[in-house]
Amino acid sequence: MNGQLSTKHLLGIKHITKEDIQLIFHTAENFKEVINRPIKKVPSLRDVTIANLFFENSTRTRISFELAEKRLSADTINFSAAASSVKKGETLLDTVNNILSMKVDMVVMRHPAPGAPQFLADRIDANIINAGDGTHEHPTQALLDAFSMREKVGELKGKKIAIIGDIKHSRVALSNIYCLKKLGAEVVVCGPPTLLPKHIESLGVNKSYNLKETLEWCDIANVLRIQLERQDIQYIPSKREYNQYFGLNLSLLNSLKSVPVIMHPGPINRGIELDSDVADSEYSIILQQVENGVATRMAILYLLASREKIEY
Ligand code: CP
């Protein structure tokens, strides 16, 4: 696996190049082959210590990073804010400096504040990987999403991708848009007007308020979670009404001329944005996305660590 990323950190898709994305895909393809072998472990990150700092809840991203690190033979430490001295008032920088003084090489961080990974990258030496910062970016999710799309429909240049749902509060939406546009895909965001940001077209995407038309148009529909925890004001009249106008169910898919590939980053609000008859159907690649998350994160960790070895 040759090549080098243009960046020391993965803070967001906005900051990486199309070539970086393609290098990550190529490396992830190799690691996907590795994790399907009887012996799934390689020594690539032996002697590299990685801290997983989660200041916000996570199932998929946290477990996926831990597994990726173990498969690469890295040493890992796991930190959860809920069980830490953050609860006693310790600052982010103090927390991280204490952990780094234990000789940590890389930090994977999820934090509720947009820009928290950049704040760390400006102040400490370790490589920082953003595992989701508030409503800002979730770059590893976008990379695993695009990797899964590419696996299903081929190169994404010219492909029609719809991102459906709560775009306003979604870090997955922003990272997906940056990634898909860099790869040359056509992107439509679809949802109720209150959940589509006002100037989203400036990112090179089109808007739609009509779910059926959008599903007829696209090759792939990436359906996003209504972020009920971020609804500081009421953006939708009710969950039931949202499901009626913007929820995907099998009878809607069966009424289409052709059914797009259905994706969702998880966690799913079943019965709101996605009914179970779609989430668990032959059209859904939701569990393939999760599987690809491990290979994609192995690629990112490996490429960032290799870059450091070359520089030092
Ligand atoms: N997709 C995603 O980020 O899920 P988690 O919040 O469970 O990590």
Side-chain angles (χ1 to χ4, degrees), residues 10-14 24 28 50-71 76 78-83 107-117 128-149 151-152 161 163-180 189 191 195 220-231 248 261-270 272-274 278-280 284-301:
L10 180 60
L11 303 176
I13 303 291
K14 186 176 184 178
I24 291 167
I50 305 175
N52 300 309
L53 311 185
F54 279 74
F55 293 83
E56 203 187 61
N57 294 344
S58 169
T59 298
R60 278 147 292 272
T61 311
R62 187 174 55 77
I63 293 173
S64 180
F65 265 113
E66 276 184 52
L67 196 56
E69 292 155 6
K70 285 184 165 63
R71 297 278 186 254
T76 62
N78 296 312
F79 165 96
S80 151
V107 173
V108 173
M109 186 174 74
R110 170 167 291 190
H111 199 280
I128 311 294
I129 301 176
N130 179 4
D133 59 332
T135 55
H136 180 221
E137 279 224 42
H138 193 348
T140 62
Q141 181 69 46
L143 289 164
L144 78 88
D145 286 347
F147 181 85
S148 306
M149 291 176 190
E151 206 173 51
K152 195 75 189 162
I161 319 285
I163 306 174
I164 297 167
D166 185 355
I167 312 298
K168 190 180 187 75
H169 299 103
S170 176
R171 55 194 174 209
V172 176
L174 188 59
S175 291
N176 258 260
I177 290 169
Y178 285 137
C179 189
L180 295 170
V189 292
L195 292 178
I220 298 175
N222 196 2
V223 183
L224 303 183
R225 186 170 69 89
I226 289 287
Q227 304 215 1
L228 298 166
E229 74 280 22
R230 298 196 210 270
Q231 310 269 331
L248 275 71
V261 177
I262 305 296
M263 300 177 64
H264 191 300
I268 304 169
N269 292 309
R270 286 178 184 257
I272 304 181
E273 68 266 5
L274 209 54
V278 173
D280 306 325
S284 157
I285 61 161
I286 293 170
L287 293 179
Q288 284 104 298
Q289 289 174 257
V290 178
E291 184 190 343
N292 286 334
V294 178
T296 309
R297 290 179 173 116
M298 284 172 81
I300 293 159
L301 293 163

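Every number for a ligand or one of its atoms is a count from 1 in the order of the listing. For this chain, numbers begin at 1 and follow the sequence in order. Just so it is clear, the model here is predicted, and its values are computed rather than measured.
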| Could you give the distance from CG (Leu195) to CD1 (Ile167), rounded to the nearest 0.5 Å? | 8.5 Å
| said: Nearest 0.5 angstrom please: Asp145 CG to Leu180 CG, how far? | reply: 8.0 Å
| said: Show the nearest heavy-atom pair for residues Arg110 and Ser58, with the distance to one decimal. | reply: NH1-CB, 3.3 Å
| said: Return the CD1 to CD1 distance between Ile177 and Ile163, rounded to the nearest 0.5 Å. | reply: 4.5 Å
| Shortest non-hydrogen contact from Ser284 toward Ala279 | OG-O, 2.9 Å
| message | I want to check a possible cation-pi pair here: Arg297 against Phe65, using under 6.0 Å from ring centre and within 45° of the ring axis as the test. | response | yes
Return a table of N or O atom pairs, ligand 1 on one side and protein on the other, at distances under 3.5 Å, rounded to 0.1 Å.
{"from": "ligand 1", "atom 1": "1 (N)", "to": "Gln141", "atom 2": "OE1", "distance (Å)": "3.0"}
{"from": "ligand 1", "atom 1": "1 (N)", "to": "Pro265", "atom 2": "O", "distance (Å)": "2.9"}
{"from": "ligand 1", "atom 1": "1 (N)", "to": "Gly266", "atom 2": "O", "distance (Å)": "3.2"}
{"from": "ligand 1", "atom 1": "3 (O)", "to": "Thr61", "atom 2": "OG1", "distance (Å)": "3.0"}
{"from": "ligand 1", "atom 1": "3 (O)", "to": "Arg110", "atom 2": "NH2", "distance (Å)": "3.0"}
{"from": "ligand 1", "atom 1": "3 (O)", "to": "His138", "atom 2": "NE2", "distance (Å)": "2.9"}
{"from": "ligand 1", "atom 1": "4 (O)", "to": "Arg60", "atom 2": "NE", "distance (Å)": "3.0"}
{"from": "ligand 1", "atom 1": "6 (O)", "to": "Arg110", "atom 2": "NH1", "distance (Å)": "2.8"}
{"from": "ligand 1", "atom 1": "7 (O)", "to": "Thr59", "atom 2": "N", "distance (Å)": "2.8"}
{"from": "ligand 1", "atom 1": "7 (O)", "to": "Arg60", "atom 2": "N", "distance (Å)": "3.0"}
{"from": "ligand 1", "atom 1": "7 (O)", "to": "Arg60", "atom 2": "NE", "distance (Å)": "3.2"}
{"from": "ligand 1", "atom 1": "7 (O)", "to": "Arg60", "atom 2": "NH2", "distance (Å)": "2.9"}
{"from": "ligand 1", "atom 1": "8 (O)", "to": "Ser58", "atom 2": "OG", "distance (Å)": "2.6"}
{"from": "ligand 1", "atom 1": "8 (O)", "to": "Thr61", "atom 2": "N", "distance (Å)": "3.0"}
{"from": "ligand 1", "atom 1": "8 (O)", "to": "Thr61", "atom 2": "OG1", "distance (Å)": "2.6"}
{"from": "ligand 1", "atom 1": "8 (O)", "to": "Arg110", "atom 2": "NH1", "distance (Å)": "3.4"}
{"from": "ligand 1", "atom 1": "8 (O)", "to": "Arg110", "atom 2": "NH2", "distance (Å)": "3.3"}

